[in-house]
Amino acid sequence: MWRTPLQQAATAALYFGLVLSQLVGGGSVGRVPCRPGERVTFQCSYHYEDHEHVSQLSVQWRNPNNELLCHYIKHKAFQNCTMGYAIAYSPGSIALTIQHVKMDDFGVHVCSVSKRHEFSDYSVELARTSGESIR
């Protein structure tokens, strides 16, 4: 359900950006199968720190509803996640862990990486597998 016209526009822009990034080769898409109740970790690997030290780096993970799950700002030593979610940073990669997968978690998650004037989105689809959770 759309809550406001602004949220509807933001979600449409997010998905347009995902499609566009795939057409021009700026992002990557992965698919991770999972069952409700399981723990899962997504990797967001990016090229910004492959060849040089990057001090001003910001990374955001968003859920399929475009809600912010985790935000990491390297130069401010800032890290904040919604309860039930965690991130792990290493140069060139930031992983999102969902502690206990809920139905709302299924769909495309977006990792947005920015460094000064460079910006890239990477997406991972959390796909529901058949059967009950093993937990």
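In this chain, residues are counted from 1 in sequence order.
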Task: Inter- and intrachain pairs under disulfide (SG to SG under 2.5 Å), touching residues 83-121, at least two apart - done: C44-C111
TODO: Side-chain contact test, heavy atoms from C-beta onward, threshold under 4.5 Å: evaluate it for I87 versus W61 and give yes or no.
DONE: yes
Task: Listed partners of A127 passing side chain to side chain contact (heavy atoms under 4.5 Å, CB included), at least two apart - done: R31, E125
TODO: To the nearest 0.5 angstrom, please state how far the CD atom of E67 sits from the OG1 atom of T82.
DONE: 8.5 Å
Open item on the list: Ignoring hydrogens, what is the shortest heavy-atom contact between C70 and L68? Give both atom names and the distance.
Closed with: O-CD1, 3.4 Å
Open item on the list: Checking I73 now: which residues fulfil side chain to side chain contact (heavy atoms under 4.5 Å, CB included) with it, not counting sequence neighbours?
Closed with: S58, H71, H75, K76, F78
- [ ] Look up atom CD1 in I98 and atom CZ in R39, then write down how far apart they are to the nearest 0.5 Å.
- [x] 11.0 Å
- [ ] With sequence neighbours left out, write down each residue that passes disulfide (SG to SG under 2.5 Å) with C34, or none if nothing qualifies.
- [x] none
Task: Reported CD-to-OH distance for the pair Q79 and Y89, which is rounded to 0.5 angstrom - done: 11.5 Å
TODO: Check whether any side-chain heavy atom of F42 lies under 4.5 Å from a side-chain heavy atom of I94, and answer yes or no.
DONE: no
TODO: Identify the heavy atoms of Q60 and R62 that sit nearest to each other, and give their distance.
DONE: OE1-NH2, 3.3 Å
Task: Set of side chain to side chain contact (heavy atoms under 4.5 Å, CB included) partners for T41, sequence neighbours left out - done: Q43, A95, T97
- [ ] Identify, with sequence neighbours excluded, every residue that meets side chain to side chain contact (heavy atoms under 4.5 Å, CB included) alongside M83.
- [x] none
Task: Nearest-0.5 Å distance, CD of residue Q56 to NZ of residue K115 - done: 10.0 Å
- [ ] Return the set of residues passing ring-ring contact (aromatic ring centres under 6.0 Å, His included) with Y85 (not counting sequence neighbours), or none when no residue passes.
- [x] none
TODO: Start with the C-alpha distance between V124 and V108, add both sets of side-chain angles, then the distance that settles side-chain contact (heavy atoms from CB on, under 4.5 Å), and finish with yes or no.
DONE: CA-CA 6 Å; V124 179; V108 177; over 6 Å; no
Task: Residue pair P36 / F106, side-chain heavy-atom distance below 4.5 Å - done: yes
TODO: Could you list all the salt bridge (charged side-chain N to carboxylate O under 4.0 Å, His left out) pairs where at least one residue sits in residues 91-102, not counting sequence neighbours?
DONE: K102-D105
- [ ] Answer yes or no: is there a donor N or O on one side and an acceptor on the other, between the side chain of N63 and the main chain of N65, under 3.5 Å?
- [x] yes
TODO: Determine whether V113 and Y122 make a side-chain contact, defined as any pair of heavy atoms from C-beta on separated by less than 4.5 Å.
DONE: yes
